Every structure is written in structure tokens, then in C-alpha cells.
Amino acid sequence: MSERLEVKVSFAYGEKEVLREVEFTAERGELLAIIGPNGAGKSTLLKCLVGILRPRGHVTFDGTNLLELKPKDRAKLITYVPQSSFPEFAFTIEEFAELGTYATRGSVEGALKRVGLWERRKEQITALSGGEYQLALIARALAQGSEVVLLDEPTSHLDINHALEIMELLKEMSRERIVIAVLHDLNLALRYADRLMLLHEGRKHWEGKPGELKPETIEEVYGVKAKITEVDGHRVLLARV
Ligand SMILES: Nc1ncnc2c1ncn2[C@@H]1O[C@H](COP(=O)(O)OP(=O)(O)OP(=O)(O)O)[C@@H](O)[C@H]1O
């Protein structure tokens, strides 16, 4: 088994071309961060990977083009955690985690324990704070048991403590699967990702390890002056207009 995701996709909303031959690979054991300015196509890319949108091209895992699979078969291999918005329906935390297509009792228990919500499983999902709800979303993805987990801005709306907690969890999850997260916080991306892919106007502008990102690349894409320095062994990005 190659345990590798190979992607080459293009996508248009009607006449509007949004992704242009975006090509990359991701390996098991890797946390890949997708970064880029607003409107670059990051969310669209995740939706294409998971099959919510139908791109041109291929999304291949271990030699199988996921785009050709039935949704149920695809769900075994790839899971998507959307941008956090609170559910309108009344579920308990446990029922919510069971919503994944392939969740089993055992996998739900393991997932809720992993994110620290097992003791609260009988509470209503609406009783959770934003950060806790994000953990419940991740538990639902974990319970599904997929090889590839995609997350759209998993740390948005979270305080720094909860954001770090989520990133630590993603890092741990990535040891035995492929985790791909859209991140707006470049410092979290620099600190936690094994690799970064920078999208700009629907194209892959740059790809590399956090240690390889140059301030000029940030300036080209975001239009801000950037400085990258090191604090406690981590690369830190400072930006100014
Ligand atoms: N349903 C849609 N119909 C038409 N255009 C859309 C649709 N959804 C997104 N777009 C457009 O596609 C482009 C890419 O949007 P997308 O949401 O993928 O970007 P993004 O990089 O995730 O942005 P952000 O960081 O602001 O969330 C934008 O120009 C957006 O206006």
C-alpha cells in the first residue's frame, strides 16, 4: 500500500474558474496545512477532495480515484470537518458523534474519550462552547475511522489555548493517517504542519516545509511586509502593512 493521496484538480462554479490544476500529494503520517488569502480557493479544494463538489481531474488514494467511488465507499476513506457552525438540531454529544456513516459504538466511545467529551456524552451538543463543539466535530470524524481527514479552519473562533489543543490533537491524529487542514493562522501552520501548500487565486503558488517558507513568498501573496524569526525553536511570522 502506498498510503498516499495524489491530487490534481480543477474546478469552476459555472463560468468562474476557481481551482486551476492544483496538484499535490500527501503521505500517511503527515499534517499538511493549506494556507492562502481569502478567496484563494481553499474551502473549494477541500470540498472537491471529499466529493461535495465535482472537480475535473483525480483524487487518488492507494491507486483508487475517490471521485469515481460511491459516496458511501468514499466516506470510508476520506472525512471532512466543515467550518464550525453550530448545529440547529437537538442531539446529545454521543448522538452527534454517531452521525458519521461508519461510526460504531466502539469507535464513538474511543473518539469521545480521545477529545475529552466522553463523560459529557449525554449532554446536548448545543451546551458546548465553540472550542468544545470543534472537538465534537473532530470526534465525529475520528469515529468514522477514515484514512484521510480534511478540516476547514479548525481553529477559527478559538482562543489560543483551545487552538493549541486542537493543533496538538491534529498532530497526533496525523501519525496514523493523512490530515489536511485549511489554516488562516500562519503561525499555527508554521509550528504544527509537516508541509504547507500556499494557494493563490486558485493556483498552487508554493509548497514546502515550514522551515523553507520565505517572507518574500508571504509578501507576494498576501501583500504585507513579513518577517520570519525564531522563538523557542519555532519559526514565527510577523506581518505589517
Ligand atoms: N457557491 C459558490 N458559487 C460561486 N462562487 C463561489 C461559491 N463558493 C465560493 N465561490 C468563490 O470561489 C472563490 C474561492 O472561494 P473559497 O471559499 O474556496 O476560498 P477560500 O480560500 O476558502 O476563502 P476564505 O479564506 O475567505 O474562506 C471565491 O472567489 C468565492 O467567491
Side-chain angles (χ1 to χ4, degrees), residues 1-36 39-85 87-89 96-104 107-108 111 134 136-154 156 170 173-174 176-184 193 195 197 199 201-204 207:
M1 276 221 285
S2 69
E3 300 188 323
R4 145 194 264 251
L5 187 73
E6 295 176 28
V7 176
K8 184 173 182 183
V9 287
S10 299
F11 182 79
Y13 291 104
E15 298 285 291
K16 187 177 175 183
E17 196 73 27
V18 170
L19 296 176
R20 297 174 175 89
E21 302 215 337
V22 176
E23 190 169 4
F24 67 96
T25 61
E27 312 274 344
R28 179 191 280 264
E30 189 169 55
L31 173 51
L32 173 68
I34 300 176
I35 57 174
K42 304 177 299 295
S43 297
T44 302
L45 176 60
L46 290 195
K47 288 177 191 163
C48 287
L49 299 184
V50 77
I52 294 171
L53 297 173
R54 303 290 303 169
R56 304 188 302 282
H58 63 85
V59 178
T60 306
F61 182 76
D62 278 348
T64 305
N65 186 357
L66 301 183
L67 300 177
E68 288 165 3
L69 294 180
K70 293 197 188 99
K72 220 175 164 187
D73 294 329
R74 198 184 310 128
K76 263 187 220 167
L77 296 171
I78 193 161
T79 310
Y80 167 66
V81 179
Q83 278 189 38
S84 181
S85 62
E88 290 167 19
F89 300 105
F96 182 75
E98 282 168 359
L99 288 177
T101 319
Y102 288 94
T104 61
S107 67
V108 167
Q134 191 64 47
L137 281 170
I138 292 176
R140 190 174 69 181
L142 277 174
Q144 177 93 0
S146 311
E147 306 279 348
V148 185
V149 179
L150 313 174
L151 305 103
D152 200 349
E153 295 190 39
S156 57
L170 298 188
M173 282 165 63
S174 71
E176 49 199 42
R177 33 178 99 65
I178 297 170
V179 176
I180 302 177
V182 167
L183 293 175
H184 268 299
R195 225 149 37 82
M197 179 170 74
L199 272 191
E201 296 176 351
R203 288 199 171 82
K204 182 170 81 175
E207 184 182 13

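Just so it is clear, the values below take in all heavy atoms, side chains as well, and ignore hydrogens, waters and symmetry mates. Worth saying up front: this structure is predicted, and the values here are computed from it rather than measured.
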field: N/O donor-acceptor pair under 3.5 Å between Arg177 side chain and Gly145 backbone
entry: no
Nearest non-hydrogen partners of Leu46 and Leu151, listed with the distance: CD1-O, 3.4 Å
message: I want to check something: taking the side chain as every heavy atom from C-beta on, are Met173 and Ile138 in contact at a cut-off of under 4.5 Å?
response: yes
message: Taking the side chain as everything from C-beta on, heavy atoms only, tell me whether Leu45 gets closer than 4.5 Å to Met197.
response: yes
query: Just wondering, are more than 12 heavy atoms of other shown residues or ligands nearer than 6.0 Å to CD in Glu17?
result: yes
statement: Closest heavy-atom pair, Leu170 versus Pro154, reported as atoms and distance to 0.1 Å, is CD1-CG, 3.9 Å
- prompt: Who pairs with Arg74 by salt bridge (Lys or Arg N to Asp or Glu O under 4.0 Å), at least two apart in sequence or on another chain?
  reply: none
message: Closer than 3.5 angstrom, by distance alone: can the side chain of Gln144 be matched with the main-chain N or O of Ala75 as a donor-acceptor pair?
response: yes
task: Please confirm whether the backbone N or O of Leu67 pairs with a side-chain atom of Arg54, one donor and one acceptor, at under 3.5 Å?
output: yes
query: Do the side chains of Lys76 and Leu69 get nearer than 4.5 Å, heavy atoms only?
result: no
- prompt: Any donor-acceptor pair under 3.5 Å linking the side chain of Ser10 with the backbone of Glu21?
  reply: yes
Closest approach of Leu183 to Ala33 (non-hydrogen atoms, all atoms of both residues): CD1-CB, 3.9 Å
- request: Measure the shortest side-chain to side-chain distance between Arg140 and Val81 over non-hydrogen atoms and say whether it is less than 4.5 angstrom.
  value: no
- request: Locate the shortest heavy-atom distance separating Pro55 from Phe11; write the atom from each residue and the value.
  value: CA-CD1, 3.9 Å
query: Roughly how far apart are Leu199 CG and Phe24 CZ, rounded to 0.5 Å?
result: 8.5 Å
Under 3.5 Å donor-acceptor, Arg28 side chain and Glu176 backbone: yes
Donor-acceptor under 3.5 Å (Lys8 side chain, Gly57 main chain): no
Atom of Phe61, atom of Glu3 and distance for their closest heavy-atom approach: CE1-C, 4.2 Å
Lys42 side chain to Gly36 backbone, donor-acceptor under 3.5 Å: yes
field: Residue list, salt bridge (Lys or Arg N to Asp or Glu O under 4.0 Å) with Glu30, at least two apart or on another chain
entry: Arg195
- prompt: Would a 4.5 Å heavy-atom cut-off, applied to side chains only, mark Leu53 and Cys48 as touching?
  reply: yes
query: With a 4.5 Å limit on heavy-atom distance, are the side chains of Leu5 and Ile180 in contact?
result: yes
